[in-house]
Amino acid sequence: MKKLSMLLLIIMVFALAACTANENAGTEKKEGEEKNSKKEKILYLNNESEPTSFDPVIGYDIKSWDPLNNLMEGLTRLGKDHKPEGAMAEDWKVSDDGKTYTFNLRKDAKWSNGDDVTAGDFVFAWKRLLNAETGSGAAFLGYFIEGGEAYNTGEGTADDVKVKAVDEKTFEVTLTSPQAYFLSVITNPAFFPVNEKVATENPQWFAEADSFVGNGPFNLTEWVHDSHFVMKKNDTYWDKKNVKLDQVNWAIIDDRNTAYQMFQKNELDVSAIPPDLSEQLMKDDKVKIDDQAGLYFYRFNITMEPFQNKNIRKAFALAVDQAQLVDYVVKNEHKPAYGYVSNGFEDPSGKDFRETNGDLIKTDVKQAKELLEKGLKEEGYEKLPEVTLTYSTLDTHQKIAEAMQQMFKDNLGVEVKLASVEANVFATDQKALKYQFARSSFIADYADPINFVENFQTGHPNNRTGWGNKEYDQLIKDAKNEKDEAKRYELMYEAEKFLMEEAPFVPIHFYNQVSLFAEGVTDIVRHPVGYTELKWADKN
């Protein structure tokens, strides 16, 4: 009996030891593991709103293309010096006439699913960009490709588009004319390749994390719509040795005060500065200010009363005090905009475009009142039709809209209503000309003033005002075909003056990029023209 009791005791001791071993399975460290273990580098960012789409040719806005620029890449990528360098392309040759580029793709250029990135993927993607059925707002960017505009407008076929796969790793494109800025243009997400095999099997490959296939520094591993998304380092990326972050977590928080509170709690590594706290926080040594070529503005819809009348449009434009908006509402060292093209573009003589063309539409309350009266008489209005100013949901947009509402009341005696709309709905409805008077923004797609002035051509997808003018269209066409740089700039100067005289929009301020950075976060590259680069980012 004593022996049996002892045996049972031994069995219980072994059983207990086994249970303890199972509970600790996977948590115990092997000898030397703790010493060699490496803490994961996870960066916490805020995208502010849900990406419109991670389809490279559809997500034509900064909230889509900023993250997408780190999930994918094209033939070239902007480097730390903001100049284009080889990405999917290892090198390239240019024909003597400057029109044909032949790109040699890297042998180790891979998709995140392990497939080779091929020249055919670029042919597929670029023709898809230009296919009218795709419905890309960025299609116009491909008009410099021979046959591109004709195909997009239904006057040509896909076969007419001069892009081809010479072989699996050699891609060739022929342009309509030599373009000095071509290598910068194709860093834009609209020119990212698409895995033809994946897209053919699943046309919605870009819509969810589990079906997304990219070729950039990071992979999309999680996407809870309207909540957050997660990227992890891409082990198939050709230059993974230079990618220091293990993971990037993106929140979707549209209130900047909330985002700043998260930053204070170390829940975000980068935060925009709420306007109310600007004066206090701009002195913080955590603040970083980067240039950005772009404009914040309000579009008139000339297909809706009363903005079919040029004088009424100009009256509203002249009643806005951009300096007051920048100094007391927007803050953050933005520059008031009295023209369309932002600072930072030099003409052949070395002069800045904005300084040369000067202030084209600047606050003038007296003239604004006179033009409003003139416009009312021209249209036979006894009273101005009701005006509603619409903005997309974000606290900063609301504050600007409220300040403008007061300016129209004080300077014109006009009561303007305000309406707020969710960002994704807003973008779609603005394109469909559903708003009478609405906020907008433009961030340059490539580093040349033509990218600004081309947007207001008749029927251009970035126009969104219903305005059009044949004389203006011809100025843009002539500028695009002009090989003499001095003459080309003169045509662009004339085009901007023409546009601001017609006033299909009210400029508010030029952009910069002002953010608070947590200690230890380094090498996030933000280009004056281009999208945020996390490829070299680090966090210690």
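Just so it is clear, the model here is predicted, and its values are computed rather than measured.
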Any donor-acceptor pair under 3.5 Å linking the side chain of Gln457 with the backbone of Glu454? yes

Among all residues two or more places apart in sequence or in another chain, which pass the ring pair (Phe, Tyr, Trp, His ring centres under 6.0 Å) test with Trp238? none

When you compare the side chain of Leu130 with that of Tyr143, does any pair of heavy atoms fall below 4.5 Å? yes

Carefully, step by step, assess His397 and Tyr296 under the rule ring pair (Phe, Tyr, Trp, His ring centres under 6.0 Å). CA-CA 10 Å; His397 300 331; Tyr296 187 104; 5.6 Å; yes

Any Lys/Arg nitrogen of Glu90 or Lys107 sitting under 4.0 Å from an Asp/Glu carboxylate oxygen of the other? no

Checking Gln324 side chain against Val329 main chain: does a donor-acceptor pair fall under 3.5 Å? no

Straight-line distance of Leu360 CG to Glu496 CD, nearest 0.5 Å: 5.0 Å

By side chain to side chain donor-acceptor pair (under 3.5 Å), Tyr338 pairs with (sequence neighbours left out) none

Tyr493/Phe353 aromatic ring centres below 6.0 Å: yes

Would you say Thr187's side chain and Thr76's backbone share a donor-acceptor pair under 3.5 angstrom? no

Thr170: what forms a side chain to side chain donor-acceptor pair (under 3.5 Å) with it, not counting sequence neighbours? Asp167

Apply side chain to side chain contact (heavy atoms under 4.5 Å, CB included) to the pair Asn462 and Phe140, showing each step before the final yes or no. CA-CA 9 Å; Asn462 272 355; Phe140 72 95; 3.7 Å; yes

Side-chain donor or acceptor of Asn343 paired with backbone N/O of Arg354 under 3.5 Å: no

Determine, step by step, whether Ile450 and Met492 satisfy the side chain to side chain contact (heavy atoms under 4.5 Å, CB included) criterion, reporting the C-alpha distance in whole Å, the side-chain angles of both residues, the deciding distance to 0.1 Å, and the verdict. CA-CA 7 Å; Ile450 196 69; Met492 291 190 290; 3.7 Å; yes

Quick one: list whatever passes salt bridge (Lys or Arg N to Asp or Glu O under 4.0 Å) with Lys539, sequence neighbours left out. Asp269

Let me confirm one number: the OG-CD1 distance from Ser441 to Ile508, rounded to the nearest 0.5 Å. 12.0 Å

As an exercise, state the distance from CZ of Phe54 to CE of Met72, rounded to the nearest 0.5 Å. 11.0 Å

Where at least one partner belongs to residues 200-227, residue pairs that pass salt bridge (charged side-chain N to carboxylate O under 4.0 Å, His left out), sequence neighbours excluded: none

Taking the six-membered ring for Trp and the single ring otherwise, decide whether the centroids of His334 and Phe510 are under 6.0 Å apart. no

Grab the two heavy atoms, one from Pro84 and one from Leu183, that are nearest each other, plus how far apart they are. CB-O, 3.5 Å

Is the ring centre of Phe171 less than 6.0 Å from the ring centre of Trp126? yes

Applying ring pair (Phe, Tyr, Trp, His ring centres under 6.0 Å) to Phe456 and Tyr340, what does each step give before you reach the verdict? CA-CA 11 Å; Phe456 280 88; Tyr340 183 30; 5.6 Å; yes

Could you tell me which non-hydrogen atom of Ala119 sits nearest to which non-hydrogen atom of Ala165, and how far apart they are? CB-CB, 3.6 Å

Which pair of non-hydrogen atoms, one from Asn451 and one from Asp445, has the smallest distance, and what is that distance? OD1-N, 2.5 Å

Show, in sequence, the C-alpha distance, side-chain angles and deciding distance for Asn332 and Ser278, and conclude whether the side-chain hydrogen bond (donor to acceptor under 3.5 Å, both in side chains) test is met. CA-CA 6 Å; Asn332 293 359; Ser278 178; 2.7 Å; yes

Contacts of Asp448 that satisfy salt bridge (Lys or Arg N to Asp or Glu O under 4.0 Å) - sequence neighbours left out: Arg488

Evaluate the side chain to side chain contact (heavy atoms under 4.5 Å, CB included) criterion for residues Thr356 and Tyr489: first the C-alpha distance (whole Å), next the side-chain angles of each, then the deciding distance (0.1 Å), finally the verdict. CA-CA 11 Å; Thr356 299; Tyr489 265 79; over 6 Å; no

Calculate, to the nearest 0.5 Å, the distance between atoms CG and NE2 belonging to Asn46 and His228 respectively. 13.0 Å

Could you tell me whether the side chain of Asn512 and the main chain of Gln292 form a donor-acceptor pair under 3.5 Å? no

With ring pair (Phe, Tyr, Trp, His ring centres under 6.0 Å) as the test, would you mind laying out the steps for Phe144 and Phe182 before giving the verdict? CA-CA 9 Å; Phe144 57 77; Phe182 172 66; 5.5 Å; yes

I'd like to know if the side chain of Lys233 and the backbone of Lys240 have a donor-acceptor N/O pair within less than 3.5 Å. yes

Nearest heavy-atom approach of Trp92 to Glu85 is CH2-C, 4.2 Å

Residues forming a side chain to side chain donor-acceptor pair (under 3.5 Å) with Glu402, sequence neighbours excluded: Gln398

Could you check whether atom NZ of Lys480 has more than 12 heavy atoms from other residues, nucleotides or ligands sitting under 6.0 Å from it? yes

Looking at Leu105 and Phe122, what are the two nearest heavy atoms and their distance? CD2-CE1, 3.9 Å

Look at Lys232 together with Asp246 and state whether they make a salt bridge at an N to O cut-off of under 4.0 Å. no

Does anything in residues 50-59 form a salt bridge (charged side-chain N to carboxylate O under 4.0 Å, His left out)? List the pairs, not counting sequence neighbours. Asp55-Arg128

Testing Asn234, Thr236, Asp116 one by one against Lys110 for a side-chain hydrogen bond (donor to acceptor under 3.5 Å, both in side chains), which residue passes? Asp116

Distance flag, aromatic centroids of Phe212 and Trp223, threshold under 6.0 Å: no

Validation row, ring centre Tyr391 to ring centre Phe426 under 6.0 Å: no

Looking only at non-hydrogen atoms, find the nearest pair between Ala199 and Phe124 and report the distance. CB-CE2, 3.8 Å

Apply salt bridge (Lys or Arg N to Asp or Glu O under 4.0 Å) to Asp235 and list each qualifying residue two or more places apart in sequence or on a separate chain. none

Among residues at least two apart in sequence or on other chains, which ones pass salt bridge (Lys or Arg N to Asp or Glu O under 4.0 Å) with Asp108? none

When you compare the side chain of Leu141 with that of Asn188, does any pair of heavy atoms fall below 4.5 Å? yes

Distance under 6.0 Å and angle within 45° of ring axis: Lys288 vs Phe517: yes

Can Thr134 and Val57 be said to form a side chain to side chain contact (heavy atoms under 4.5 Å, CB included), step by step? CA-CA 8 Å; Thr134 303; Val57 300; 3.7 Å; yes

Determine which pairs satisfy side chain to side chain donor-acceptor pair (under 3.5 Å) with at least one residue from residues 516-535, sequence neighbours left out, and list them in order. Asp66-Thr532, Asn69-Glu533, Arg77-Glu533, His82-His527, Tyr237-Lys535, Asp239-Lys535, Asp290-Arg526, Ser515-Arg526, His527-Glu533

Using the salt bridge (charged side-chain N to carboxylate O under 4.0 Å, His left out) rule, collect all pairs that involve residues 340-353, keeping only residues at least two apart or in two chains. none

Do the ring centers of Phe452 and Phe442 come within less than 6.0 Å of each other? yes

